[in-house]
Amino acid sequence: MSTCLEVGATIAAPDPIDPTIAVTGTYLLYGSLSKLLIALFLTAFGVAIAGTALLPRWTRWTAFALAAIHLAFVPSMFCGNDPANFYAANGWGTTATTGGLTILWLLAVSVALLRAPTESSPR
């Protein structure tokens with residue numbers, strides 16, 4: 001939906017625009033709502049993994065910590081749209097830092113999932 005807003009604003013604009021800065025409706029969709037959804041996923045993951053021994057304990061606690069980081073960036077929609085500002089809706093803290101941490105966490109959890117514990121089989 002946010003892509004539709006950007007494309008529509010770009011087509012309707014009389015002069016060339018940068019839709020990541022000029023289209024204000026996308027900040028809710030890219031920023032705050034996506035942070036809420038990712039935090040919901042991470043919290044659900046942490047709760048679901050708590051009852052199993054499928055993954056190590058650190059995956060649960062880091063999921064909760066990463067969810068808290070994402071929730072800390074939800075109010076960024078009130079901090080403008082200057083990409084140079086760390087806490088802006090499209091700033092490097094909101095997009096690059098949280099996105100990078102999430103990708104690194106997903107990579108670490110994927111490696112932990114692939115490293116299944118070895119069980120000695122009865123002979």
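In this chain, residues are counted from 1 in sequence order.
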| query | Is it true that atom CZ of Phe78 has more than 12 heavy atoms of other residues, nucleotides or ligands lying nearer than 6.0 Å? | reply |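 Counting other residues, nucleotides and ligands, CZ of Phe78 stays at 12 neighbours or fewer.
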Using distance only, find each side-chain donor-acceptor pair of residues 60-72 under 3.5 Å and give its atom names and separation, not counting sequence neighbours.
{"unit_1": "Thr62", "atom_1": "OG1", "unit_2": "Trp58", "atom_2": "O", "d": "2.7"}
{"unit_1": "Thr62", "atom_1": "OG1", "unit_2": "Thr59", "atom_2": "O", "d": "3.2"}
{"unit_1": "Thr62", "atom_1": "OG1", "unit_2": "Trp105", "atom_2": "NE1", "d": "2.9"}
{"unit_1": "His70", "atom_1": "NE2", "unit_2": "Thr102", "atom_2": "OG1", "d": "2.7"}

| query | From Leu106 CG over to Ile103 CD1, what is the distance, rounded to the nearest 0.5 angstrom? | reply |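 These two atoms lie 5.5 Å from each other.
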| Say you draw a straight line from OG1 of Thr97 to CZ of Phe86; how long is it, rounded to the nearest 0.5 Å? |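 Taking OG1 in Thr97 and CZ in Phe86, the distance rounds to 4.5 Å.
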| request: Examine distances only and state if a side-chain atom of Lys35 and a backbone atom of Ser76 form a donor-acceptor pair shorter than 3.5 Å. | output: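 Judged by distance alone, no pair lies under 3.5 Å.
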Please tabulate, for side-chain N and O atoms in residues 37-46, each donor-acceptor pair with protein atoms closer than 3.5 Å (sequence neighbours left out).
{"unit_1": "Thr43", "atom_1": "OG1", "unit_2": "Ala39", "atom_2": "O", "d": "2.8"}

| query | Less than 4.5 Å apart, any side-chain heavy atom of Pro75 and any of Tyr87? | reply |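 Pro75 reaches Tyr87 side chain to side chain.
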